Structure formats: structure tokens, C-alpha cells
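All values derive from a computational prediction rather than experimental measurement. Atom set for the values below is all heavy atoms of this structure, side chains included, hydrogens, waters and symmetry mates excluded.
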Amino acid sequence: MSALVVRVALPVPIPQVFDYTAENITPGDLGRCVRVPFGRGEKTGLIVALPEDADLPVERLKPVIAIQREAPALPADWLAMVEFTARYYQHPLGEVVAMALPPRLRKADAVAGTEADPLLEATPEGREALHEARRDSRALAILRRLAEQGPRRRSLLREEEGAPAVADALKRGWVAPGAAADAALMDGAPELTAEQQAALEVLSEGFGCFRPFLLAGVTGSGKTEVYLRLVQQAIAQGRQALILVPEIALTPQLEGRVAGRFPSARVVSLHSGLAEGARSQGFVQAMEGRADIVLGTRLSVFTPLPRLGLIVVDEEHDASYKQHEGVRYNARDLAIWRARQCAVPIVLGSATPSLESWHAAETGRYRRVELASRAVAATLPRVRPVDIRREKLQHGVSEHLLRAIGRCLERGEQSLVFLNRRGYAPVLSCPSCGWVSRCPHCTANMVLHLTDRRLRCHHCSHEATIPLACPDCGDQDIQPFGRGTQRLEETLAARFPQARVLRIDRDAARTRAQWEALLDQIGRGEADILVGTQMMAKGHDFPRLTFVGVLNADSSLFAADFRAPERLFQQLMQVGGRAGRGELPGEVMVQTQYPDHPLYKCLEAHDFVRYAALQLEERKQARFPPFAANALLCATAPEVAGALAWLAEARAAALPLAQAFGVQVFDAVPMRMLRLARRERAQLLVEAPGRPALQGFLGAWSRLLWSIRPPRDLRWHLDVDPAEV
Ligand code: ADP
Ligand code: ZN
Ligand code: ZN
């Protein structure tokens with residue numbers, strides 16, 4: 001048989017695919033991994049096309065080394081999605097593929113987890129045995145579970161009770177593969193409130209076609225409950241559901257809540273903490289249609305789902321949906337693209353929608369569905385600003401706040417003090433000569449960490465020991481300046497010696513396991529006062545938490561980044577939403593020097609709608625998104641001059657195109673934080689009236705960019721729809 005051409009995407013940082021020859025190629029090989037010679041070595045890539053003709057004369061092409069045929073090929077709609085991602089975010093296709101595919105799958109060896117995974121149910125003999133059994137065993141535990149809760153996937157039972165117990169139960173004839181996959185069982189589901197019911201009815205009209213919905217529901221309004229009902233409907237139709245959640249929100253509690261609700265469904269959970277094998281296995285299960293629900297963080301938007309019927313993006317405003325390195329994609333936006341591609345409904349849920357999504361709802365592109373009241377607690381917490389202009393603070397905390405914490409303690413309830421700054425103090429400084437602990441590699445200060453006695457840069461992770469005296473003048477009286485969570489913890493512990501103070505930040509929760517242990521500890525009521533950063537603002541329920549105090553919010557009010565106030569408002573609404581989620585009423589106090597600022601006024605009134613209107617008006621005036629579409633071209637070099645010179649060249653190349661597409665290309669400027677990890681940074685902003693104009697321009701411009709030869713030490717990237725400009 002004659003050799004045929006395969007086109008391969010390889011993980012190399014150039015926008016190009018590569019042609020090879022291969023024997024016995026069939027259309028089924030599209031989407032398979034392949035091992036090819038590259039340069040002096042070999043690489044693994046993905047077959048993305050089977051072209052009739054190669055770019056080069058066929059005699060000059062090299063043959064592939066091996067095609068990975070044990071694992072299933074990636075489906076066409078998946079290829080279309082990675083191709084779209086590469087095009088939209090202006091990133092080499094091979095690198096997008098390398099990011100989206102679990103590494104195990106890329107290797108040219110077979111992936112486990114391709115065996116059948118039947119639903120098991122209790123047999124009549126099993127039910128009899130259950131009554132007669134004297135001694136307990138694991139096989140019996142399986143039997144009891146199936147008898148009480150209905151059929152369950154074999155793989156799930158193996159995870160829960162161990163494979164030998166499952167084999168034992170099967171051998172004894174107590175359990176057997178069920179007749180059919182019945183619809184998901186609702187176990188322990190509360191009756192929906194009238195509002196939830198109404199929302200569900202509107203949302204379920206969307207099945208079977210592309211319909212974007214914005215589910216705007218105050219914190220605690222029971223959005224998750226609504227998602228679960230929709231998921232149930234999707235499964236009942238024999239479809240798969242994809243649920244995206246922010247990284248920090250994907251905990252065993254949530255996994256348990258989803259899995260517990262659908263005991264007969266196969267739930268795959270995908271997040272960054274997973275071992276490589278588990279990620280590959282989940283991916284394959286989803287791709288083969290054996291997973292019914294995929295619950296995952298940003299990266300799981302790339303999970304192949306042949307029976308996809310519904311997409312949910314929870315906390316759709318969350319910043320963690322945007323990736324800040326490598327392929328700079330936004331999973332929420334890709335999820336919308338995917339819903340359109342697969343003609344399925346997508347539900348974006350949030351108590352504080354992003355202004356982009358809110359605007360889309362205002363202008364009718366998304367259908368808005370509201371949940372205005374809490375599902376259990378009758379009222380929203382009382383929010384008020386605490387004017388700190390005239391008050392003397394005690395280590396940064398106002399007496400009002402301290403007294404509120406004291407009252408909370410007396411009632412035996414939990415309180416949370418929110419400070420979005422970890423470490424003991426943001427800087428160490430010398431009162432005599434003005435020395436401050438700067439990072440030698442960044443335009444940033446080294447943060448003082450007292451728990452492990454280090455100075456640490458939060459940008460490049462550079463560390464140093466704490467000097468005993470000022471390195472410049474020798475003064476021994478160097479002082480921490482300002483405060484972070486560790487210092488606040490110390491202050492509160494001193495003021496309330498009888499209370500158990502618990503700090504929750506990225507230092508206390510370095511690993512997923514630590515984070516989960518902390519959540520459990522809080523849930524069990526083993527802490528009275530929590531000191532936390534934004535980690536605490538994400539959807540967790542603490543029924544005994546009734547008071548939230550917020551410190552240092554003002555710093556975001558006048559930040560240079562145009563999204564900072566939006567993020568502050570979202571964070572405060574979310575963190576305030578932690579208060580009074582159970583039967584107990586909640587209270588929130590925000591320390592501020594600007595008690596009359598509109599942001600705080602809207603917060604007091606729980607008025608997201610007014611706040612959004614104010615912000616959107618400002619954005620419109622300033623021509624910021626969603627009233628414009630942006631991209632940044634960023635360059636880094638040992639010296640900023642090199643970066644600026646290259647950007648100037650890039651801008652010159654852009655100008656003729658810019659006119660044709662009606663976009664504006666601004667001058668290159670050094671970044672606000674000039675130095676990061678020994679490199680200096682500059683950027684250039686492109687502003688377009690909308691996404692189509694921006695995309696047209698970028699497509700043409702990036703081809704030119706690749707052809708401008710950069711100096712050796714320069715690196716550049718494009719950031720499309722950047723989070724910050
Ligand atoms: P959200 O995601 O909107 O913040 P959740 O879905 O987490 O809210 O619900 C908040 C709390 O209310 C949870 O403890 C949930 O179990 C409970 N809840 C939700 N809906 C109902 C309902 N219909 N009846 C009783 N409790 C409910
Ligand atoms: Zn000094
Ligand atoms: Zn640094």
C-alpha cells in the first residue's frame with residue numbers, strides 16, 4: 001500500500017503543523033496520537049488532518065514512527081475546539097493540544113480504564129442474604145448500599161469498597177449487572193422553593209439547543225440545587241453534563257453532594273490536584289461516554305463528551321477561569337463556544353455576575369433567570385461600613401469590629417475577619433534610613449513571614465532570612481510595616497485568649513489536603529474566629545458563621561486596574577454571603593475611610609443591579625470591555641529597552657492593518673510592575689470595537705509578529721481578552 005500524508009500538531013512554540021507519511025492510514029486515525037521524528041529526536045503529537053496533498057513534495061517527508069491505536073481517537077468536535085482555541089487565543093495548536101490532553105494519553109501506550117463499567121444492582125438472592133446475614137462484611141456493605149440506594153457503577157463501588165469486595169459480591173450472586181441504566185435517583189433532595197421551581201422551568205426549556213442563561217441568584221439562594229435538577233434531567237435524557245467550578249471550590253464536600261445525589265451515575269471529578277493516572281482515566285471515561293457527569297475546574301472544559309447535553313459554569317465571574325500563562329484561555333468563554341458547537345444549553349451562575357455576562361443579559365444575548373431570596377435563611381446579612389477616619393484602630397482593627405467578634409463568641413458562633421494579604425507584614429523597613437525589604441528580582445517588596453521566619457517575594461518566590469539589623473545602616477530596630485493575616489491572627493488571639501483562632505490562606509493551605517482539612521475543621525465547629533483571604537470568599541457553607549469583618553478593602557477602590565473595583569465588589573458580596581447561611585442571622589462590617597463611596601452603598605443595599613449599572617456606565621465612557629475587545633502584546637527582556645524596541649517594531653507592522661480593521665494600537669509602555677523574576681516587562685494594548693474586528697486584526701498581525709525576528713533574550717506573547725490591562 002502506498003504511503004499517505006498525516007498532518008501532525010506537535011508541542012513546539014511555533015504556529016505550524018507538520019506533515020509526515022504513514023502506511024495503512026484510515027479516516028479513523030484522525031485524532032490519534034502519533035510518535036514522529038523531529039529534529040534530531042522524536043516527539044509525540046496529534047494527527048489533526050489527513051490532507052490530500054502535503055506542503056512539501058511527499059518524497060521529502062519522513063515516515064511516522066508509531067500511531068497510538070490502543071486508545072480511542074479524539075473526536076472531531078474536540079479537534080474543532082482545540083483548533084478554535086489556538087486560533088482565538090493566537091497560540092500554536094500543538095501547544096494547545098499538549099495542554100488539553102492528559103500526558104498519559106499522549107504517550108504511545110495504552111490507557112487503562114477502557115473496560116466496561118456496568119451498573120450493578122442487588123439480586124433477589126442478595127436481598128434474601130441481607131436479611132439472613134449474621135456477620136458483617138464488605139460484600140454485604142455493597143449489597144446493603146445497592147438495596148437501599150439503587151444501582152451503582154461497578155467502578156464507583158470498587159473505589160468505595162475495594163475491588164475484592166465487589167468481586168466477592170458478584171461471585172456470590174448477591175449483585176449483578178442491572179437491566180438498564182435507569183434515570184438518576186434523587187436522594188435527600190429538598191423540595192424546591194417556588195422561586196427555584198420557576199427558574200428550573202425556564203432553564204429546562206433550553207434542552208436540545210444552544211441557549212445561554214445567566215442564573216443570577218444571591219448567595220445561598222440554592223443555585224446548586226437548581227443545577228442538580230437540571231443535571232438530573234440531562235442524565236434522564238441519556239446525556240452527559242459538564243459542571244465547571246472554580247479551583248478552590250472543588251472539594252470532597254461538593255463531589256460528595258453531586259455523587260450522593262446521583263448514586264447510579266458515574267461522576268468524574270477533574271482538578272489540578274489529581275494524579276496523572278486519575279486525570280487520564282477520567283478523560284477516557286468521559287470520552288467513551290461512560291461518565292455521566294464531569295465536575296471540574298477550568299481545564300475540564302477540554303474534556304471530550306460525546307453525549308454532552310448540558311453545561312453549567314458555577315461562579316462564572318471567578319477569575320480562576322482565565323489561565324494566566326501558556327495558553328491564556330478563558331474556560332467560561334470556551335464553554336459558551338462549546339455549548340453553541342454542540343447545540344446544548346449553558347447555565348452561567350453567580351451571585352455577582354461578571355460585567356461581561358451581565359451586559360450580555362441586559363442586551364438580550366443571554367436569558368437572565370433570577371433567584372432573589374435565600375433558600376433557607378430568611379434574610380440577607382446586614383451590611384454596614386465602619387468609618388475609620390476618626391477612630392483609633394487597635395493593630396488595624398476597629399473597636400466596633402472587635403466588639404462584634406466578642407458578641408459572636410458569647411453566642412457561641414463563628415466569625416470571620418477577611419484580609420486579602422497573607423504573611424505577617426507586607427514589608428520590613430528601617431526607621432532610620434528608610435531601607436525596605438525589596439525583592440532583588442522584582443519591582444516588589446519581600447513579605448515578612450513570621451511562622452517560618454522568612455522574607456518571601458509573592459511574585460517570584462525568592463526567599464531570604466530575616467536580617468537582624470538594617471543591611472544599609474546597621475540599625476537593629478527594623479520594623480514590620482502594615483499587616484497581613486499572620487499578624488492579624490496574633491492580634492485577635494491576644495485580644496480573645498479564650499477563642500480558637502484559625503488562619504486560612506495559601507500558607508496555611510498549601511496543598512489540597514491541607515485546605516480540605518481546614519474546611520473540615522471549620523465545619524466541625526473547631527474554630528471560633530477565622531482569619532482568611534479570598535480563599536474564604538468562595539462558595540462554602542458554614543452554618544455557624546454569623547459575623548464577617550472586612551479589613552483593608554479601600555486599597556482596591558482606586559487601583560489602576562480597571563477591573564479592581566468589580567473584583568472588590570464581587571469579593572465583598574461573596575465573603576458577606578458567608579455570614580448567616582444557616583438558621584442564624586448574619587452581619588457584615590467593612591472598615592473604610594470612604595463610607596459614602598457608591599460601591600459600599602450598593603453593598604449595604606445588596607444592590608448588585610445598581611452597582612453593575614454604575615460600573616457599566618463607567619466602562620462605556622472609558623471604552624473598556626464589554627464595550628470594546630482588548631488584546632495585549634507583552635514582551636520581556638533582561639532590560640526594558642529591548643522589550644520596548646521590539647514592541648515598537650511590532651506596532652509599526654500593525655499600523656497598516658489596524659486601519660483596515662478599525663482597531664487602535666497604543667504605544668508600548670513599561671508594565672506597572674516592571675521587573676518580575678529578573679526580567680523587565682513592557683506591553684502594548686490593542687483596542688477593537690468588538691471581538692470580530694479584534695480577531696480579524698490579530699490573525700493577520702500575529703503572522704507578521706512571528707516573522708519579526710526577536711533578539712535572543714526576548715520573549716513575547718499575546719493575551720487575548722486579558723484579565724487586566
Ligand atoms: P448557592 O449556590 O446559591 O449559594 P446553595 O445551592 O449552596 O446556594 O444552597 C444554599 C443552602 O441552602 C444549602 O445548604 C442548600 O442545601 C440549601 N438549600 C438549597 N435549596 C433548598 C431548598 N429548596 N430547600 C431547603 N434547603 C435548600
Ligand atoms: Zn537602616
Ligand atoms: Zn520577586
Side-chain angles (χ1 to χ4, degrees), residues 74-82 84-85 99-102 153 184 203-204 206-215 223-224 226-247 249-250 254-255 257-259 261-262 265-272 274 278-316 318 320-323 329-350 357 366 539:
L74 273 309
D77 66 329
W78 191 89
L79 290 177
M81 172 145 97
V82 290
F84 171 78
T85 306
M99 170 197 72
L101 264 191
R153 294 269 174 215
L203 296 171
S204 33
F207 279 113
C209 49
F210 170 61
R211 284 274 184 83
F213 293 98
L214 178 64
L215 179 60
K223 292 185 289 298
T224 312
V226 174
Y227 306 147
L228 292 177
R229 301 296 172 119
L230 275 175
V231 168
Q232 181 199 18
Q233 296 184 6
I235 295 177
Q237 298 164 19
R239 303 292 214 111
Q240 294 171 301
L242 172 64
I243 309 176
L244 299 182
V245 296
E247 179 73 40
L250 186 46
L254 180 64
E255 290 172 26
R257 190 166 165 197
V258 174
R261 195 58 77 74
F262 305 107
R266 174 73 208 176
V267 183
V268 160
S269 172
L270 294 171
H271 55 77
S272 65
L274 277 188
R279 186 184 156 204
S280 296
Q281 221 172 51
F283 189 94
V284 171
Q285 277 164 355
M287 174 157 73
E288 294 182 336
R290 288 183 295 117
D292 301 301
I293 302 171
V294 171
L295 177 64
T297 54
R298 141 180 106 212
L299 189 56
S300 50
V301 75
F302 291 104
T303 314
L305 294 156
R307 296 186 282 113
L308 182 64
L310 168 73
I311 304 180
V312 172
V313 183
D314 190 23
E315 312 283 0
E316 66 88 25
D318 196 89
S320 76
Y321 287 123
K322 168 86 177 169
Q323 177 148 297
Y329 68 97
N330 184 317
R332 176 198 60 207
D333 295 353
L334 284 181
I336 292 168
W337 185 88
R338 196 165 180 195
R340 185 195 303 273
Q341 176 201 30
C342 299
V344 301
I346 176 167
V347 180
L348 308 177
S350 178
S357 300
Y366 299 168

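- Arg298 contributes a side-chain N or O that, together with a main-chain N or O of Ser320, makes up a donor-acceptor pair within less than 3.5 Å.
- In this structure, Gln240 contributes its side chain and Ala291 its backbone to a donor-acceptor pair below 3.5 Å.
- Scanning for side-chain hydrogen bond (donor to acceptor under 3.5 Å, both in side chains) contacts around Gln341 gives an empty result, with sequence neighbours left out.
- Atom CG of residue Leu274 and atom OG of residue Ser280 lie 10.0 Å apart, to the nearest 0.5 angstrom.
- Residues passing the side-chain hydrogen bond (donor to acceptor under 3.5 Å, both in side chains) test with Gln237, sequence neighbours excluded: none.
- Under the 3.5 Å distance criterion, the side-chain polar atoms of Arg239 are left unmatched by any main-chain donor or acceptor of Leu310.
- With values rounded to the nearest 0.5 angstrom, Ile346 atom CD1 is found 11.0 Å from Leu214 atom CG.
- When the side-chain contact (heavy atoms from CB on, under 4.5 Å) test is applied to Pro304, the partners found at least two apart in sequence or on another chain are Leu74, Pro75, Trp78, Phe283, Met287.
- Side-chain contact between Val231 and Arg261 is absent, with no heavy-atom pair separated by less than 4.5 Å.
- Distance check, rounded to the nearest 0.5 Å: CG of Leu299 to CG of Leu270 gives 8.0 Å.
- Expressed to the nearest 0.5 Å, how far CG of Asp314 lies from OG1 of Thr224 amounts to 5.5 Å.
- Remark: Arg257 pairs with Glu225 by the salt bridge (Lys or Arg N to Asp or Glu O under 4.0 Å) rule, at least two apart or across chains.
- Residues that satisfy the ring pair (Phe, Tyr, Trp, His ring centres under 6.0 Å) test with Tyr227, not counting sequence neighbours, are absent from this structure.
- Minimum heavy-atom separation, Pro306 to Ala286: CD-O, 3.2 Å.
- When all heavy atoms of Asp77 and Cys342 are compared, the pair lying nearest together is OD2-SG, 4.1 Å.
- Phe84 meets the ring pair (Phe, Tyr, Trp, His ring centres under 6.0 Å) test with Tyr88, Trp337; sequence neighbours excluded.
- Going from atom CD1 of Ile336 over to atom CZ of Phe210 covers 7.0 Å, rounded to the nearest 0.5 Å.
- Across every non-hydrogen atom of Glu315 and Pro246, the tightest pair is CB-CG, 3.6 Å.
- Using a 4.5 Å heavy-atom threshold, the side chains of Gln281 and Val268 count as separate.
- Applying the salt bridge (Lys or Arg N to Asp or Glu O under 4.0 Å) test to Asp292 and every residue at least two apart in sequence or in another chain returns Arg153, Arg307.
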Item checked: Thr85/Met81 under side-chain contact (heavy atoms from CB on, under 4.5 Å): CA gap, chis, key distance, verdict -> CA-CA 6 Å; Thr85 306; Met81 172 145 97; 4.2 Å; yes
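- Across all non-hydrogen atoms, the minimal contact from Leu250 to Gly296 is CD2-CA, 3.9 Å.
- The ring pair (Phe, Tyr, Trp, His ring centres under 6.0 Å) test applied to Tyr329 returns Phe302, not counting sequence neighbours.
- Rounding to the nearest 0.5 Å gives a distance of 6.5 Å between OG1 of Thr303 and CZ of Arg338.
- The two residues Leu348 and Tyr366 make their nearest non-hydrogen contact at CD1-CE1, 3.6 Å.
- The side-chain hydrogen bond (donor to acceptor under 3.5 Å, both in side chains) search around Asn330 returns none, not counting sequence neighbours.
- Under the side-chain hydrogen bond (donor to acceptor under 3.5 Å, both in side chains) criterion, Ser204 pairs with no residue, sequence neighbours left out.
- A pairwise comparison of heavy atoms in Ala100 and Val82 identifies CB-CG1, 4.1 Å as the closest pair.
- The side-chain contact (heavy atoms from CB on, under 4.5 Å) test with Val312 is passed by exactly one of Ile243, Leu242, Leu295, Leu244: Ile243.
- For the salt bridge (Lys or Arg N to Asp or Glu O under 4.0 Å) test, residues two or more places apart in sequence or in another chain that qualify with Arg332 are Glu316.
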